Peer 1: 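Before I ask anything, here is the structure I am working with.
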Amino acid sequence: MAFQGPWNVHAQPGAIKGYAKASTGRACLTGQTRAILDRLEARIGAVSIISTCRPGAVIAGTRRPSFHRYGMAVDFKTRRKAEAIAFLRSQGVFVMTYCRMGHVHFNTGQRGASFCGQRGLNASARKRGRRR
């Protein structure tokens, strides 16, 4: 699999700044993020967590800090992906999927959605309002 950014779980640890310190634990998550994750699992069952906290993480191709840096983001896999996405969208968090990758990302620092690069179609209402 080719490198696709800091979310690439197949990358060699240390190859991406902050990735070597990635966590799959929940203790580092903010209370709000942990609560959303708990409600998600109560709804669809246990999920396989890929990444939670990554100190110093930045969004690939930018210098902007990732919400993983602050304990406000979770990457996970589930067999009930569509249900998970629908539930997370109902919770008012930002939900994202990546092309050619099977996991889901959510963070509690934003609202809206981006599905396999289709941000414009699913952007938050606030951002849509700015484009008008």
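The structure presented is a predicted model; accordingly, all values stated were derived computationally and were not measured. For reference, positions follow the sequence shown, starting with 1.
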Peer 1: Would you name the heavy atoms of Arg39 and Gln91 that are closest together and state the gap between them?
Peer 2: NH2-OE1, 3.0 Å
Peer 1: If only atom types and distance count, is the side chain of Thr52 paired as donor or acceptor with the main-chain N or O of Gly25 below 3.5 Å?
Peer 2: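 Judged by distance alone, yes, a pair lies under 3.5 Å.
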Peer 1: First locate atom CZ of Phe67, then atom CZ of Arg54, and finally report the distance between them rounded to the nearest 0.5 Å.
Peer 2: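 It is 13.0 Å, given to the nearest 0.5 Å.
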Peer 1: Looking at side-chain heavy atoms only, is the closest gap between Leu37 and Ile49 below 4.5 Å?
Peer 2: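 Yes, close enough: below the 4.5 Å cut-off.
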Peer 1: List the atom of Phe94, the atom of Ser114, and the distance in Å for their closest heavy-atom pair.
Peer 2: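 Nearest heavy atoms, Phe94 then Ser114: CZ-CB, 4.0 Å.
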Peer 1: Hey, what do you get for CG (Asn107) to CG (Asp75), rounding to the nearest 0.5 Å?
Peer 2: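 Output value for this atom pair is 9.5 Å.
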Peer 1: What class does the angle between the rings of Tyr98 and His105 fall in, given that below 30° is parallel, 30 to 60° is tilted and above 60° is perpendicular?
Peer 2: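 Because their plane-to-plane angle is over 60°, the rings of Tyr98 and His105 count as perpendicular.
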Peer 1: I need the minimum non-hydrogen distance between Arg43 and Phe87, along with the two atoms involved.
Peer 2: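 Arg43 and Phe87 have their closest heavy atoms at NH1-CD1, 3.3 Å.
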Peer 1: Under the side-chain hydrogen bond (donor to acceptor under 3.5 Å, both in side chains) test, which residues partner Thr30, sequence neighbours left out?
Peer 2: Thr33
Peer 1: Examine Val47 and Val93 and state if one hydrophobic cluster contains both, with Ile, Leu, Val, Met, Phe, Trp and Tyr joined whenever side-chain heavy atoms are less than 4.5 Å apart.
Peer 2: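 The answer is yes; both residues are in one hydrophobic cluster.
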Peer 1: Using side-chain hydrogen bond (donor to acceptor under 3.5 Å, both in side chains) as the criterion, list what pairs up with Arg79, not counting sequence neighbours.
Peer 2: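 Expected list: none.
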Peer 1: Can a donor-acceptor pair be found, under 3.5 Å and without considering hydrogens, that links the side chain of Arg69 to the backbone of Pro55?
Peer 2: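 Pair absent, no side-chain N/O of Arg69 close to backbone of Pro55.
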Peer 1: On a heavy-atom basis, which atom in Cys53 and which in Gly71 lie closest, and how many Å separate them?
Peer 2: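 In this case the closest contact between Cys53 and Gly71 is SG-CA, 3.6 Å.
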Peer 1: Is it the case that one hydrophobic cluster holds both Phe115 and Phe76, taking links as side-chain heavy atoms less than 4.5 Å apart, direct or via other members?
Peer 2: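 Yes, Phe115 connects to Phe76 through the hydrophobic network.
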Peer 1: Could you tell me the separation between the CZ atom of Phe106 and the CD1 atom of Ile36, rounded to the nearest 0.5 Å?
Peer 2: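 It is 6.5 Å, given to the nearest 0.5 Å.
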Peer 1: Look up atom CG in Leu29 and atom NE2 in His68, then write down how far apart they are to the nearest 0.5 Å.
Peer 2: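 Going from CG on Leu29 over to NE2 on His68, the span is 10.0 Å.
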Peer 1: Would you please test Glu83 and Thr78 for side-chain contact (heavy atoms from CB on, under 4.5 Å) and show each step?
Peer 2: CA-CA 9 Å; Glu83 290 175 74; Thr78 179; over 6 Å; no
Peer 1: Is a side-chain N or O of Arg64 found less than 3.5 angstrom from the main chain of Ile59, in a donor-acceptor match?
Peer 2: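 Such a contact is absent between Arg64 side chain and Ile59 backbone.
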Peer 1: Checking the side chain of Thr97 only, and the main-chain atoms of Cys116 only, is there a donor and an acceptor separated by less than 3.5 Å?
Peer 2: yes
Peer 1: Give me the atom names and distance for the closest heavy-atom approach of Arg63 to Val58.
Peer 2: O-CG1, 4.2 Å
Peer 1: Go through the structure and list residues passing salt bridge (charged side-chain N to carboxylate O under 4.0 Å, His left out) with Arg26, not counting sequence neighbours.
Peer 2: Asp38, Glu41
